[in-house]
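Index from 1, following the sequence.
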Amino acid sequence: APTALSPAERLAGLRPVSSAMLEKPAPGDWLQWGRAYDGQNFSPLKHIDRANVKDLAPAWRAPLELGLSMPSPLVHDGVMFLHTAPDVVLALDATTGQQLWRHAYKPANGSSMKMGLGLGGGRVFAPTSDLHVIALDAHTGEQAWDHKIELSQPATNRSVFNLRSAPLVVGNKVIQGVTASAGPGGGFIVALDIETGKELWRFHT
């Protein structure tokens, strides 16, 4: 068996996620919701096939807090990033399940259902239950910026809007969808500057 890496060694090998990586992910990586921009959720790895899939067995397990979220884990350079309830981002060693860091965001309201995270550069991007998008340092979990998404008129009640989709990183932008089951004006999409979190544009759907 390969020698296990220490948390520091595992994080030291974590490279920034480039646009080229997002365009063509390495076979062993899962860098965004749906894996690639085509959203097909298809892995090109060949080690597991119809003949041996019956032999799969648990390698490790990590207890998570019960909640509404249905996140897709992201994996890059052997590090798994997971968005879990209530508003917690975890970095785990994907080979052992060992926690590398944990960032707990405290929303102004109860936890909402979320689908996952975004990766870009050396950062992890997470939507929150109170309509913020936060950027975390991928090596430490420390917060780099926090952007509060403002509502467009005539909407005033933030509780009828949600951030469910995982952020989509494209070039220098973090794109986040805002759902609205009963919000005046309906849902919309915002693009945030990847370095600062400043809103660059929004599109009403």
Side-chain angles (χ1 to χ4, degrees), residues 2 4-48 71-84 88-103 105 114-128 132-147 149 163-178 189-203:
L5 298 179
S6 69
E9 290 171 327
R10 177 64 72 191
L11 288 168
L14 187 63
R15 298 167 296 162
V17 174
S18 66
S19 293
M21 291 176 181
L22 290 170
E23 287 280 354
K24 190 175 181 181
D29 275 357
W30 199 283
L31 299 180
Q32 57 183 306
W33 192 91
R35 186 176 181 272
Y37 284 124
D38 60 13
Q40 293 296 302
N41 285 281
F42 177 78
S43 172
L45 296 176
K46 306 293 186 183
H47 295 87
I48 299 169
S72 290
L74 302 183
V75 178
H76 178 48
D77 287 336
V79 178
M80 175 182 290
F81 299 96
L82 182 65
H83 199 184
T84 185
V88 175
V89 180
L90 299 175
L92 307 172
D93 186 321
T95 63
T96 66
Q98 182 177 10
Q99 183 175 298
L100 303 175
W101 55 254
R102 178 182 187 271
H103 182 93
Y105 176 88
K114 292 173 286 292
M115 307 300 285
L117 303 163
L119 296 178
R123 291 177 175 172
V124 182
F125 304 98
T128 74
H132 290 232
V133 176
I134 59 174
L136 308 176
D137 185 297
H139 288 89
T140 66
E142 294 180 3
Q143 185 172 290
W145 51 254
D146 177 345
H147 175 79
I149 298 175
L163 306 184
R164 294 231 173 115
S165 61
L168 179 69
V169 176
V170 181
N172 67 342
K173 297 176 180 64
V174 180
I175 300 173
Q176 178 67 55
V178 183
I189 299 167
V190 297
L192 310 178
D193 182 273
I194 198 169
E195 294 297 332
T196 66
K198 179 183 177 182
E199 184 174 321
L200 300 175
W201 54 254
R202 70 175 51 194
F203 174 77

- Side-chain heavy-atom pair Leu163, Ile149 within 4.5 angstrom cut-off: yes

- Looking at side-chain heavy atoms only, is the closest gap between Pro71 and Leu82 below 4.5 Å? yes

- Task: Would you indicate whether the side-chain heavy atoms of Trp201 and Val190 approach each other to under 4.5 Å?
- Result: no

- So, for Leu31 and Pro25, which heavy atoms are closest and what is the spacing to 0.1 Å? CD1-CB, 4.2 Å

- Does some side-chain heavy atom of Leu22 sit less than 4.5 Å from a side-chain heavy atom of Val17? yes

- Would you say His76 and Pro16 make side-chain contact, with heavy atoms under 4.5 Å? no

- Heavy atoms only: give me the nearest Val174-Pro167 pair and the separation to one decimal. CG1-CB, 3.8 Å

- Query: Looking at side-chain heavy atoms only, is the closest gap between Phe125 and Leu136 below 4.5 Å?
  - Reply: no

- Message: According to salt bridge (charged side-chain N to carboxylate O under 4.0 Å, His left out), who are the partners of Arg164, at least two apart in sequence or on a separate chain?
- Response: none

- Query: Side chains of Ser72 and Gln32: closer than 4.5 Å at any heavy-atom pair?
  - Reply: no

- Message: Is it the case that the side chain of Gln176 and the backbone of His132 share a donor-acceptor pair, with hydrogens and angles ignored and the cut-off at 3.5 Å?
- Response: no

- Query: Of all residues at least two apart in sequence or in a different chain, which pass the side chain to side chain contact (heavy atoms under 4.5 Å, CB included) check with Thr196?
  - Reply: Asp193, Lys198

- Query: Between Ser43 and Trp30, what is the shortest heavy-atom contact and its length?
  - Reply: CB-CZ3, 4.1 Å

- Quick one: does Trp145's side chain get under 4.5 Å of Arg123's, heavy atoms only? yes

- Heavy-atom closest pair (Pro127 atom, Ser165 atom, distance to 0.1 Å) is CG-O, 3.9 Å

- Task: Look at the side chain of Asp93 and the backbone N and O of Gln98, then say whether any donor-acceptor pair between them is shorter than 3.5 Å.
- Result: no

- Note on the structure: Nearest heavy-atom contact between Ile194 and Lys173 is CB-N, 4.3 Å

- Please name all residues satisfying side chain to side chain contact (heavy atoms under 4.5 Å, CB included) with Glu23, sequence neighbours left out, ordered by chain then number. Tyr37

- Over all atoms of both residues, closest heavy-atom pair of Leu119 and Phe81: CD2-CD1, 3.9 Å

- Item | Gln143, CD atom: more than 12 neighbouring heavy atoms under 6.0 Å | yes

